[in-house]
Amino acid sequence: MAIIQHYNGDYYGSIETSLEANKFLKNTQDSIIKLTLAASYNNMGICSSYLYEFDNSVKFYKEAIKYANIPENKYTYYNNLGNVLTTIEKYPEAKKNLKQALNTKNKISYARALNNLARAKFNENPQYDALPELYQALKIRQEEKNPYEENSSYATLSNYFLKRDSTKALDYAKKMLEVSTKNDSKEDQIQALQKIINLDKKNYFRYFGRFQTLNDSLQIAKSKAKNQFAVVRYDVEQKNAENQILKNKSFKQNIGLAALALALIGGAFYYKKRKKRLQQEKELEVKNTQLKMSKKVHDVVANGLYHMMIDVQNNPEMDKTRILNDIEKMYEESRDISHENIAEKDFAQRFINMITSYSSEEQRVLPVSYKESIWENIPYNTQLELYYIIREILVNMKKHSKAKRASVKFEKNDINLIIRYTDNGVGIGDLNQQKGTGIHNTENRIESIGGDITFEKNPTGGLIIEITIPIQSKYV
């Protein structure tokens with residue numbers, strides 16, 4: 001199950017399933033258990049690498065090597081470990097492991113290790129001539145008629161020529177795209193398109209559009225893959241729950257008597273604590289009101305000022321009238337912070353102007369499938385909350401992400417409005433630990449209008465945020 005999840009792109013789910021499997025692999029003296037345990041750790045190493053959790057990846061590959069009892073498997077794990085060590089720039093250790101991997105008798109495995117060893121050498125020393133090894137690895141892969149491995153050579157050769165000969169780098173990236181398209185390998189196509197977008201500026205929008213469409217398709221496929229074993233897990237959990245109910249039936253009867261006794265004892269303290277609780281609730285209500293006002297000031301004033309600074313910076317020719325209009329708008333919003341919102345006629349244009357104002361030559365921000373009709377049947381208070389939410393996301397992108405490209409895509413059906421933000425920046429390392437005040441405020445805003453928001457790492461680098469707002473709901 002874990003390996004199937006890995007191949008379908010559900011990397012977190014795959015690691016979770018592997019860890020569950022490892023609970024049953026206790027007798028490490030058994031050869032079959034050692035073989036399976038090594039494969040499980042190798043799977044977790046691969047998934048961790050895709051999630052950019054390289055320290056975990058190194059740890060898991062070393063465990064795989066420790067339990068491996070078949071030489072060819074061990075050479076594969078040495079190669080995988082060497083590859084991730086190259087990625088985190090630990091070149092001496094990487095070369096040591098990759099040289100071990102060269103002992104394999106399998107031609108494809110040998111070509112893979114040779115390609116990765118050459119990559120480690122030229123990354124460590126840009127003057128190193130890695131072409132003989134890279135071309136030898138490519139030749140073996142072509143002779144063995146293995147297009148998936150062939151693509152790996154094209155990717156490495158494109159990276160090798162990136163700062164040496166941009167024309168050759170682009171040629172190999174296009175070869176990678178051609179082969180991966182024939183194989184219907186979406187992950188390789190996305191990697192190839194990323195290289196081409198950076199190298200072929202003239203056709204930037206054509207390739208970026210293809211990249212965006214392919215990336216969306218891949219994300220949908222991965223989302224579906226996450227649920228493929230839900231029925232299996234449900235059946236197991238259901239049986240366990242039924243067994244637990246039978247065991248606890250008599251115990252619950254005793255618990256009922258104990259609960260009655262505790263209720264009688266607790267009643268003696270109820271009146272005193274109730275009075276104290278009511279006082280605390282009043283204090284909490286005051287604090288929540290203050291917090292709500294503080295959040296409004298942050299969204300309207302702080303983010304508004306920062307947005308205006310970015311707009312002026314990206315549009316130095318902006319006339320004074322537009323600046324004064326923006327200031328007047330922000331003044332009216334700040335003056336009416338505690339009042340109900342009244343719908344504005346030009347909101348749709350204001351919304352798209354806000355998004356495009358964050359686009360510059362250094363950072364491209366592209367709205368996708370935006371139409372004024374997108375706001376039909378969406379109450380104005382919901383529209384305004386979404387305006388502040390998207391602006392908060394773009395402010396964070398500008399301040400922290402180091403992204404070169406970002407997009408905001410709009411989709412609407414009879415049930416939901418979906419806004420999908422994607423960038424290629426540094427992302428968020430640990431989504432649970434690194435959520436700042438801005439993200440928590442955004443989540444609270446979404447909850448207040450009955451919507452849903454998810455944050456996830458972009459497998460190709462960066463961040464994906466998806467906002468879903470129900471159209472037919474008690475909230476709207």
Visitor: Taking the ring of F410 and the ring of Y370, is the distance between their centroids below 6.0 Å?
Guide: yes
Visitor: How would you list all residue pairs meeting ring-ring contact (aromatic ring centres under 6.0 Å, His included) that involve residues 105-125, not counting sequence neighbours?
Guide: F122-Y160
Visitor: Which residues pass the ring pair (Phe, Tyr, Trp, His ring centres under 6.0 Å) test with Y7, sequence neighbours left out?
Guide: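 For Y7 there are no ring pair (Phe, Tyr, Trp, His ring centres under 6.0 Å) partners, ignoring immediate neighbours.
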Visitor: Checking K168 now: which residues fulfil salt bridge (charged side-chain N to carboxylate O under 4.0 Å, His left out) with it, not counting sequence neighbours?
Guide: none
Visitor: Determine the minimum heavy-atom distance between P470 and N416, stating which atoms define it.
Guide: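 Looking at all heavy atoms of both residues, the shortest contact is CA-OD1, 3.3 Å.
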Visitor: Would you please say whether a donor-acceptor pair under 3.5 Å links the side chains of N69 and S31?
Guide: no
Visitor: Check side chain to side chain contact (heavy atoms under 4.5 Å, CB included) between E178 and all other residues, then give those that pass, not counting sequence neighbours.
Guide: K182
Visitor: Quick one, S360 and K398 - any side-chain contact, counting heavy atoms below 4.5 Å?
Guide: yes
Visitor: With side chains defined as the heavy atoms from C-beta onward, is the minimum distance between N43 and S14 less than 4.5 Å?
Guide: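 A side-chain contact under 4.5 Å exists here.
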Visitor: Do T86 and L98 touch side chain to side chain, with heavy atoms closer than 4.5 Å?
Guide: yes
Visitor: Using the ring pair (Phe, Tyr, Trp, His ring centres under 6.0 Å) criterion, which residues pair with F208? Sequence neighbours excluded.
Guide: Y204
Visitor: Looking only at non-hydrogen atoms, find the nearest pair between T356 and N353 and report the distance.
Guide: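 T356 and N353 have their closest heavy atoms at OG1-O, 3.2 Å.
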Visitor: As a quick check of understanding, evaluate salt bridge (charged side-chain N to carboxylate O under 4.0 Å, His left out) for E144 and R141, giving each step before the final call.
Guide: CA-CA 5 Å; E144 292 297 308; R141 286 163 160 170; over 6 Å; no
Visitor: Hey, could you give me each pair passing salt bridge (Lys or Arg N to Asp or Glu O under 4.0 Å) that has a residue in residues 23-50? Not counting sequence neighbours.
Guide: E20-K23
Visitor: Establish, from distance only, whether the side-chain atoms of T454 and E466 form a donor-acceptor pair under 3.5 Å.
Guide: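 Short answer, no.
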Visitor: Counting only heavy atoms not in Y50, do more than 12 sit closer than 6.0 Å to its OH atom?
Guide: no
Visitor: Without placing hydrogens or testing angles, list every side-chain donor-acceptor pair under 3.5 Å for residues 127-134, not counting sequence neighbours.
Guide:
| from | atom 1 | to | atom 2 | distance (Å) |
| --- | --- | --- | --- | --- |
| Y128 | OH | E133 | OE1 | 2.6 |
| D129 | OD1 | L131 | N | 3.3 |
| E133 | OE2 | K121 | NZ | 3.3 |

Visitor: Charged N to carboxylate O below 4.0 Å: is that the case for E143 and K145?
Guide: no
Visitor: May I ask you to say whether K95 pairs ionically with E124, meaning some side-chain N is under 4.0 Å from a carboxylate O?
Guide: yes
Visitor: Measure the spacing between CG of N396 and CD1 of I465 and express it to the nearest 0.5 Å.
Guide: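 With rounding to 0.5 Å, CG (N396) is 8.0 Å from CD1 (I465).
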Visitor: Assess, by modelled atom type and distance only, whether the side chains of Y12 and D10 contain a donor and an acceptor separated by less than 3.5 Å.
Guide: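 Side-chain D/A pair, Y12 to D10: absent.
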Visitor: Is there a donor in the side chain of N79 and an acceptor in the side chain of N97, or the other way round, less than 3.5 Å apart?
Guide: no
Visitor: If every non-hydrogen atom of M397 is compared with every non-hydrogen atom of Y358, which pair is closest and at what distance?
Guide: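 So the two residues come closest at CE-CB, 4.4 Å.
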Visitor: Dump the intermediate steps for ring-ring contact (aromatic ring centres under 6.0 Å, His included) on Y61 and Y77, then the final yes or no.
Guide: CA-CA 6 Å; Y61 284 140; Y77 305 152; 7.8 Å; no
Visitor: Can you name the ring pair (Phe, Tyr, Trp, His ring centres under 6.0 Å) partners of Y207, sequence neighbours left out?
Guide: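 Per chain and number, Y207 pairs via ring pair (Phe, Tyr, Trp, His ring centres under 6.0 Å) with no residue.
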Visitor: Can you sort out the partners of F60 under ring pair (Phe, Tyr, Trp, His ring centres under 6.0 Å), two or more places apart, ordered by chain and number?
Guide: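 Scan of F60 (ring pair (Phe, Tyr, Trp, His ring centres under 6.0 Å), adjacent residues dropped) gives none.
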Visitor: Could you tell me whether the side chains of N80 and N83 share a donor-acceptor contact shorter than 3.5 Å?
Guide: no
Visitor: D423 vs Y421, test: side chain to side chain donor-acceptor pair (under 3.5 Å). Steps then yes/no.
Guide: CA-CA 7 Å; D423 71 32; Y421 167 85; 2.7 Å; yes
Visitor: Could you report the tightest heavy-atom contact between A94 and G82, atom names first, then the distance?
Guide: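 Closest pair (atom of A94, atom of G82, distance): CB-O, 3.4 Å.
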Visitor: List the residues meeting salt bridge (charged side-chain N to carboxylate O under 4.0 Å, His left out) with K90, not counting sequence neighbours, and say none if there are none.
Guide: none
Visitor: Quick one: pull up CD in Q191 and CD1 in I196 and give me the separation to the nearest 0.5 Å.
Guide: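 Q191 CD to I196 CD1: 12.0 Å, rounded to 0.5 Å.
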Visitor: Of all the heavy-atom pairs spanning L177 and S180, show the shortest one and how long it is.
Guide: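 For L177 versus S180, the nearest heavy atoms are O-OG, 3.1 Å.
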Visitor: Could you work out, with salt bridge (charged side-chain N to carboxylate O under 4.0 Å, His left out) as the rule, every residue matching E372, not counting sequence neighbours?
Guide: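 E372 satisfies salt bridge (charged side-chain N to carboxylate O under 4.0 Å, His left out) with no other residue.
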Visitor: Check this for me, if you would: do E149 and R112 make a salt bridge, where the nitrogen-to-carboxylate-oxygen distance has to be below 4.0 angstrom?
Guide: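 Looking at E149 and R112, the cut-off is met.
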Visitor: Could you list the residues that satisfy salt bridge (charged side-chain N to carboxylate O under 4.0 Å, His left out) with D184, not counting sequence neighbours?
Guide: K186
Visitor: Report yes or no: do N198 and K404 form a side-chain donor-acceptor pair below 3.5 Å?
Guide: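 No pair is found: no donor N or O on one side chain lies under 3.5 Å from an acceptor on the other.
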Visitor: Just checking, any donor-acceptor pair under 3.5 angstrom between side chains of E72 and T104?
Guide: yes
Visitor: Under 4.5 Å between any side-chain heavy atoms of E53 and C47, yes or no?
Guide: no
Visitor: With a 4.5 Å limit on heavy-atom distance, are the side chains of I453 and E447 in contact?
Guide: no
Visitor: Going by atom types alone, do D452 and T468 pair a side-chain donor with an acceptor below 3.5 Å?
Guide: no
Visitor: Can you tell me if T87 and R119 form a side-chain donor-acceptor pair at under 3.5 Å?
Guide: yes
